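In what follows, a single structure is set out as structure tokens and then discussed.
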Amino acid sequence: MWTKEKYRVFWKEALQKTDENYRLFSQKIIQTNYPMLGIRTPNLQKMATAIAREDVLSYLKVALDKTYEEVLMQGFLLGKITEKEILKQALDTFLPKIDNWALCDMTVARLKLVAKEKDYFLKVIDSYLSKKD
């Protein structure tokens, strides 16, 4: 079970994986409003796998949106959800956080459940597209 304190400790340790050159490179190709730490994608994927072994949903409840990598981690974890109704609820919360192509692409690439449940998610996508706001 993830708590705010466990989350804080987790990201404090994650800061040790930052790469300044990668951060500078990423800032050139990804336009985002989130500050970037410079944690490489393979490291984030390993971190997501470790979180998924515990409890994805409790992590998502305490997750913060302070940095690009924190939001990207949430996107990675959506791909670990195996129940379509829960994924739909998580998408409702996550989609407004997407402010750049990389968050979108890297999240969508991991949503295997969407491919398995095409009919269900086509209706979900249609409802998103028909929203007026």
Side-chain angles (χ1 to χ4, degrees):
M1 177 96 164
W2 283 84
T3 63
K4 290 180 181 181
E5 178 60 19
K6 184 175 179 177
Y7 181 87
R8 187 189 65 74
V9 169
F10 177 82
W11 279 98
K12 186 177 179 183
E13 292 173 7
L15 287 174
Q16 297 172 18
K17 296 179 171 115
T18 60
D19 179 332
E20 181 64 11
N21 289 331
Y22 184 71
R23 184 183 70 79
L24 294 171
F25 168 76
S26 295
Q27 285 178 321
K28 289 178 186 174
I29 63 169
I30 301 170
Q31 300 300 310
T32 181
N33 293 317
Y34 301 105
M36 287 188 170
L37 299 173
I39 301 174
R40 292 181 178 272
T41 302
N43 287 331
L44 289 170
Q45 289 174 293
K46 288 177 188 173
M47 294 162 59
T49 299
I51 293 166
R53 283 190 208 114
E54 292 183 45
D55 183 3
V56 169
L57 298 180
S58 71
Y59 176 92
L60 291 173
K61 286 180 183 173
V62 299
L64 300 176
D65 306 334
K66 289 183 180 180
T67 66
Y68 168 78
E69 287 83 354
E70 285 174 295
V71 177
L72 184 57
M73 178 67 69
Q74 294 170 45
F76 284 4
L77 292 171
L78 294 182
K80 307 285 186 183
I81 296 174
T82 59
E83 295 177 40
K84 63 186 178 187
E85 291 82 11
I86 293 173
L87 177 56
K88 195 254 185 232
Q89 290 173 351
L91 285 169
D92 289 345
T93 302
F94 180 76
L95 290 177
K97 300 175 186 184
I98 296 175
D99 73 346
N100 65 77
W101 66 268
L103 281 174
C104 181
D105 287 5
M106 286 198 268
T107 298
V108 169
R110 286 161 177 79
L111 298 177
K112 307 297 184 217
L113 184 58
V114 172
K116 290 180 185 175
E117 297 286 348
K118 286 180 188 169
D119 291 338
Y120 177 83
F121 283 102
L122 282 173
K123 291 176 187 169
V124 171
I125 293 166
D126 188 46
S127 73
Y128 291 147
L129 293 174
S130 65
K131 285 186 179 179
K132 298 292 182 207
D133 50 353

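Quick caveat, the model's predicted, so the values are computed rather than measured.
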Judged by atom type as modelled, is there a donor-acceptor pair below 3.5 Å linking the side chain of [X] to the main-chain atoms of [Y]?
{"X": "Glu117", "Y": "Lys84", "value": "no"}
{"X": "Ser130", "Y": "Ser127", "value": "yes"}
{"X": "Glu69", "Y": "Gly38", "value": "yes"}

Just wondering, do [Y] and [X] contact through their side chains at under 4.5 Å, heavy atoms?
{"X": "Leu87", "Y": "Val114", "value": "yes"}
{"X": "Met73", "Y": "Tyr59", "value": "yes"}
{"X": "Asn21", "Y": "Phe25", "value": "no"}
{"X": "Phe121", "Y": "Leu91", "value": "yes"}
{"X": "Ile39", "Y": "Tyr22", "value": "no"}
{"X": "Thr41", "Y": "Phe76", "value": "yes"}
{"X": "Lys4", "Y": "Arg8", "value": "no"}
{"X": "Leu78", "Y": "Leu111", "value": "yes"}

For residues [X] and [Y]: do they belong to one hydrophobic cluster (side chain heavy atoms under 4.5 Å, members Ile, Leu, Val, Met, Phe, Trp, Tyr)?
{"X": "Ile30", "Y": "Leu95", "value": "yes"}
{"X": "Leu60", "Y": "Val108", "value": "no"}
{"X": "Ile125", "Y": "Leu103", "value": "no"}
{"X": "Ile29", "Y": "Ile98", "value": "yes"}
{"X": "Leu122", "Y": "Leu113", "value": "no"}

Output side-chain donor-acceptor pairs under 3.5 Å for residues 49-56, partner residues at least two apart or in another chain, one line each.
from	atom 1	to	atom 2	distance (Å)
Thr49	OG1	Gln45	O	3.1
Glu54	OE1	Lys6	NZ	2.3
Asp55	OD1	Leu57	N	3.3
Asp55	OD1	Ser58	N	3.4
Asp55	OD2	Ser58	OG	2.9

Strictly below 4.0 Å, N to O, side chains only: are Glu85 and Lys88 in salt-bridge contact?
no

May I have all residue pairs that pass side chain to side chain donor-acceptor pair (under 3.5 Å) and include part of residues 73-83, sequence neighbours excluded?
Asp65-Gln74, Gln74-Lys97

ring-ring contact (aromatic ring centres under 6.0 Å, His included) against Phe10, all qualifying residues, sequence neighbours excluded
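ring-ring contact (aromatic ring centres under 6.0 Å, His included) list for Phe10, sorted by chain: Trp2.
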
Distance in Å, [X] [atom1] paired with [Y] [atom2], rounded so as to fall on 0.5 Å steps:
{"X": "Leu37", "Y": "Thr67", "atom1": "CG", "atom2": "OG1", "value": "4.0 Å"}
{"X": "Asn43", "Y": "Gln16", "atom1": "CG", "atom2": "CD", "value": "11.5 Å"}
{"X": "Asp126", "Y": "Lys123", "atom1": "CG", "atom2": "NZ", "value": "10.0 Å"}

May I ask you to check whether Glu70 and Tyr7 show a side-chain donor-acceptor distance below 3.5 Å?
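The criterion, which ignores hydrogens and geometry beyond distance, is satisfied for Tyr7 and Glu70.
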
Do you know the tightest heavy-atom contact between Ile81 and Ala90?
CD1-CB, 3.9 Å

Do you know the tightest heavy-atom contact between Met106 and Arg110?
O-NH1, 2.6 Å

